[in-house]
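Following: one structure in structure tokens, then a few remarks.
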Amino acid sequence: MPRYALLATHSLGQPASDAGEDVAAVVQLLGTDGEPEGALEPVTRDRIPAVVAAIEARGLRWVWDRTGDWYPSLLAAGVSVERAHDLSLCRNILRFSTSADETAYVDSLRRQDPDAADGPPQALAPPRPPENQGALFEEAKPATAAAETLAEEFRRQLEAVPRTPRGRRLQLLLAAESAGAVIAAEMRHHGIPWRSDIHAALLRDELGPRTAHGVRPARLEELAHLLRSLLGDPALNPDSHQDLLRALNRAGVPAKSTSQWELQEYTHPALKPLLRYKKLSRLLSANGWAWLDAWVADGRFRPEYVVGGVVTGRWASRGGGALQIPHGIRDAVRADPGRVFVVADAAQLEPRVLAALAGDRALADAARGRDLYQGIADRGFGGDRASAKIAMLGAMYGATTGESGRLLPQLARTFPRAVGLVEQAARHGEGGGEVCTFLGRCSPPASPQWLAAQRTSSAEEQRRADQAARTRGRFTRNFVVQGTAAEWALCWLGELRRRLRAERAAGREVGEVVFFLHDEVVLHVPAAFAADASAIVEQAAAAAAELMFGSIPVEFPVSVATVDSYADAK
DNA sequence: ACGGGCCGCGCG
DNA sequence: AAAGCGCGCGGCCCGT
């Protein structure tokens, strides 16, 4: 009985451009260990959705190189899939994971040039299609591996995961990452509901009537004029940092930079309008009319999510700044008529993850209530919540100076296991070592240049090397926490999707997941389903914790709000 | 004209 | 009172 179905662009017997004008894909059924079962089936472009839907109905799991190559057009054709294995994402994890067996495949991944475009390792690379060899003037295309090559790689990936507790965690990570890719494509397909009219009205209120690109709107022009007179510089361009710094210094403001946190330290009549100018200028350049034109169409903002785009495993995005939507314009995110948003946020995810990672019973106890920082404060800081929060964030980020650094010993006395874990991660990174998340995503190894710089003789170089070591230590320190939190969030998303699909399969109208932001998820659901959706989001959070950590005394509460406008969440 | 570096600021 | 993590993006500046 086949268990998987591989979808690829061509087979070795049929190089892409030889495969007949309409053959756009080949499907190969695979058994439990990835071994081929039956013949390769060529599929013409117009039949791909129907063929996928038929195989999907048999309950097989998809295997493909990149989810983004296939799934968007399947979704456009109305076909969704239950599960997939994304070879490229799993390749990236296996490359550095110390939980993987040191097979020849994993070894070849580790040897890959860090700057090379990713793809199957050299040993598995397909022969170059012959017709490309003379085509000197053709645009270079990334090689699309043949079905046989990808099937082989899938087997190598399966066999690289050991049958041990660590291996099972790695297996979960590979599954969660692949599920993330599927969810990311679905979120882009649905898009975030975005009211251009509300956004435009907000721009007009703040900036004045719309102007051509490159022309300052009225409010900004007025402020620029005012700044020129207040700083006594008729030629001042407030968008130029060096212009601005010179003018400020001449006017008696001894700022070293033009950043807002530094400027607000000084007193000068020009500073208030300058900060106002910066605020409005940012709104215009980042989320002004040009942004609306470029990114919002048919009432939806459809950003591209880059799963695993951050080294820690967090998602990144490309285009439109999807993960940086300012709070000030979130009122443009409005539910369709008859629908609402269910917005859920994992409360203080990272310190909770640290408690679970370190098995720190005291921190788990502190996290029992709904307010983790108050719990920490009550146990180690005489009830002072602000200090507790600064100390905890400093411990996870590697602060050494200021209040945060000063409070660290106090935190360490109360929660020795949790603080010990991040300290050890930091020491390891400073020494050039790698660290790993709970499920087994590992930090990239130190570069040869970094290692070489650590062995130096001159005093000045040594100072720089020490600085680089501390910087790397802060990175590895944070990696274990941020990366494990990202894994929890992936599991949360996956569990949420599974439950929503089950509801949908039972005939209920459940809406969609439309946005995900590290530890927050937004569902766009029929109003009648909102209460059920809220419960499902909470169940998914509990299930994610259980899936990753098993039965542990650490709670992962989510705060859920049902709103019409995203601005009203939290 | 284009692009890399840097700054500054938005998000978590 | 801005130290300490991870990103994307747009603008300016200066090199080619």
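Hydrogens, waters and symmetry mates play no part in the numbers below; they use all other heavy atoms, side chains included. Below, chain A is the first sequence line, B the second, and so on; all start at residue 1.
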So what does [X] touch, heavy atoms closer than 4.0 Å: a base, only the sugar-phosphate, or nothing?
X	result
A:Gln260	sugar-phosphate
A:Arg474	sugar-phosphate
A:Arg318	sugar-phosphate
A:Ile390	base
A:Val481	nothing
A:Leu393	nothing
A:Ser281	nothing
A:Thr258	sugar-phosphate
A:Arg330	sugar-phosphate

Protein-nucleotide distance ([X], atom [atom1]; [N], atom [atom2]), rounded to Å:
X	N	atom1	atom2	value
A:Leu354	C:dG4	CG	P	20 Å
A:Phe475	C:dG4	CZ	C1'	15 Å
A:Met396	C:dA3	CE	P	19 Å
A:Glu265	C:dA3	CD	C1'	13 Å
A:Tyr305	C:dG8	OH	P	14 Å
A:Arg472	C:dG6	CZ	P	11 Å
A:Asn287	C:dC9	CG	P	12 Å
A:Arg314	C:dG8	CZ	P	12 Å

With heavy-atom distances below 4.5 Å as the criterion, would you say the side chains of [X] and [Y] are in contact?
X	Y	value
A:Val480	A:Phe438	no
A:Ile329	A:Trp194	yes
A:Leu248	A:His268	no
A:Glu555	A:Pro557	yes
A:Asp86	A:Tyr71	no

*Are side-chain N/O atoms of A:Ser443 and A:Glu434 paired as donor and acceptor at under 3.5 Å?*
no

*asked:* Is a donor from one side chain sitting under 3.5 angstrom from an acceptor on the other, for A:Asp384 and A:Ser387?
replied: yes

_Contact residues, residues 418-453 of chain A to DNA chain C [heavy atom, < 4.0 Å]_ = none

Nucleotide N/O to protein N/O under 3.5 Å, stretch nucleotides 10-16 of chain C:
residue: C:dC13; atom: OP1; partner: A:Ser240; partner atom: OG; Å: 2.5

_Please check this pair: side chain of A:Ser97 against backbone of A:Gly440, looking for a donor-acceptor N/O pair closer than 3.5 Å._
yes

*Do the numbers put A:Arg302 on top of the ring of A:Trp295, so that NZ or CZ is under 6.0 Å from the six-membered ring centre and no more than 45° off the axis?*
no

*Using the ring of A:Tyr397 (Phe, Tyr or Trp, six-membered ring only), decide whether A:Arg474 places NZ or CZ under 6.0 Å from its centre and within 45 degrees of its axis.*
no

*Using chain A heavy atoms and a threshold of under 4.0 Å, write down where along DNA chain B the contacts begin and end, 5' to 3'.*
B:dC7 to B:dG12

*Partner of C:dT16 by Watson-Crick or G-U wobble geometry, both contacts under 3.5 Å, or none?*
B:dA1

*Report the distance from atom NZ of A:Lys389 to atom OG of A:Ser404, rounding to the nearest 0.5 Å.*
12.5 Å

*Look at atom NZ of A:Lys278 and say whether more than 12 heavy atoms of other residues, nucleotides or ligands are closer to it than 6.0 Å.*
yes

*Closest to the A:Asn478 side chain, choosing from C:dG4, C:dG8, C:dG6*: C:dG6

*Aromatic ring centroids of A:Trp291 and A:His199 under 6.0 Å?*
yes

